[in-house]
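Right, one structure below, let's go through it.
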Amino acid sequence: MTAPGKIEFRDVPVPKVKEGQVLVKIKRIGICGSDIHVYHGKHPYTSYPVVQGHEVSGEIVKLSNGGSNFKEGDKVTIQPQIVCGRCYSCKHGQNHICDNLKVMGFQATGMASEYFAVDLKKVLKLPENISYDHGALVEPLAVAVHALKRGGDIKRRKILILGAGPIGNLVAQAANGMGAQSVMITEISDYRINIARECGINYCLNSKIQDIGEELIDTFGKDKADLILECVGINTTTEQAIANARKGTDIIVVGVFAEKATVDLGLVQDRELKLIGTLMYQEEDYRKAIELIEESKVKLDPIITEHFPFECYLEAYKYIEEKKDKIMKVMIKL
Ligand SMILES: [Zn+2]
Ligand SMILES: [Zn+2]
């Protein structure tokens with residue numbers, strides 16, 4: 001992407017594989033909300049030109065001389081973070097919030113190319129029963145896994161999720177897969193509500209016509225939800241989260257905010273609520289996401305709306321723009 005809305009294809013040599021790297025033939029690239037911000041020139045931390053692509057699956061086609069557990073033909077996905085290893089977070093097992101974090105596709109070269117040379121330690125093997133489509137969804141599913149873990153152990157808890165876009169949907173499915181007692185999701189798009197249902201979410205409600213507070217009590221009982229995850233990144237849903245939280249509840253802030261939100265911190269204080277941020281994931285979250293897919297604990301086909309060939313990257317963005325909330329995940333196929 002050379003400028004917002006402008007994509008150029010360039011022929012470049014196949015990258016050389018350095019010591020400690022592998023060469024991956026990219027098969028699928030998922031397009032996500034942050035990519036769309038870059039497309040519109042609204043991503044605050046990305047400059048142009050940039051090679052996009054951070055949700056991928058592919059096949060190893062070449063190994064460097066260094067020993068590794070990989071072999072040619074292995075099906076893999078890639079963790080897109082580049083971290084410094086020196087800052088406080090890196091030194092304390094929290095490298096996903098590295099002070100100098102660079103993410104491929106945003107502040108570093110992304111994977112939207114036929115071949116991508118990458119450090120071994122960023123490559124994770126996919127079991128054979130995982131398709132390339134599903135492999136490219138490990139990244140957003142890892143976002144969901146990490147977000148849930150920020151709220152502690154999910155087992156036997158009642159979870160409320162605001163927003164049934166790709167991330168909200170995956171958070172709900174991951175919550176089910178990680179042993180939640182029941183999951184309720186709210187959304188204003190009937191299209192997305194139906195997909196959430198197809199994915200096995202027990203309680204899906206349209207917050208335009210149904211009252212979240214009443215539905216919460218009807219379904220979860222008077223003690224409402226044990227954990228709330230805001231997955232939209234706007235005022236309305238953040239307010240809904242705070243207003244409907246039982247006293248002392250944790251609210252995980254998963255949505256990415258395009259604008260500064262105005263929320264009632266008075267309620268946060270008075271009801272001893274906790275607002276907890278979450279960013280991306282760590283390697284263990286990637287592994288958990290792969291496990292959830294491998295064990296068929298999530299349904300991923302309903303959330304893949306459309307595929308576009310690599311040459312039609314721009315058409316994919318136009319399609320997303322046109323369809324608005326009538327799509328979930330759009331994939332580039334190589
Ligand atoms: Zn993404
Ligand atoms: Zn660091």
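As the structure is a prediction and not an experimental result, all values here were calculated from the model. Note that ligands are numbered from 1 as they come in the structure, with each ligand's atoms numbered from 1 the same way.
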* Asked: Please state the angle at the Zn ion (ligand 2) spanned by SG of C98 and SG of C84: what is it, rounded to 10 degrees?
  ->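 Seen from the Zn ion (ligand 2), SG and SG are separated by roughly 100°.
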* Asked: About how large, to 10 degrees, is the angle SG of C90, then the Zn ion (ligand 2), then SG of C87?
  ->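 Taking the Zn ion (ligand 2) as the apex, I get 110° for this pair.
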* Asked: Leaving waters out, which protein N, O or S atoms fall under 2.8 Å from the Zn ion (ligand 1)?
  ->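 Protein N, O or S atoms closer than 2.8 Å to the Zn ion (ligand 1): C32 SG, H54 NE2, E55 OE2.
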Can a salt bridge be assigned to the pair [X] and [Y] using a cut-off of 4.0 Å between side-chain N and carboxylate O?
| X | Y | value |
| --- | --- | --- |
| K149 | D285 | yes |
| R150 | D250 | no |
| R287 | E291 | no |

* Asked: For the residue pair H96 and Y281, is the inter-centroid distance of their aromatic rings smaller than 6.0 Å?
  ->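 Here the rings of Y281 and H96 have centres that are no less than 6.0 Å from each other.
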* **Ring center gap for F308 and Y313 short of 6.0 angstrom** =>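 No; Y313 has its ring centre 6.0 Å or more from that of F308.
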* Group every Ile, Leu, Val, Met, Phe, Trp and Tyr by side-chain heavy-atom contacts under 4.5 Å, then state whether L126 and I293 land in the same group. =>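 In one cluster: yes.
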* Asked: Does Y191 have K326 sitting over its ring (NZ/CZ under 6.0 Å from centre, angle to axis within 45°)?
  ->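 No cation-pi geometry.
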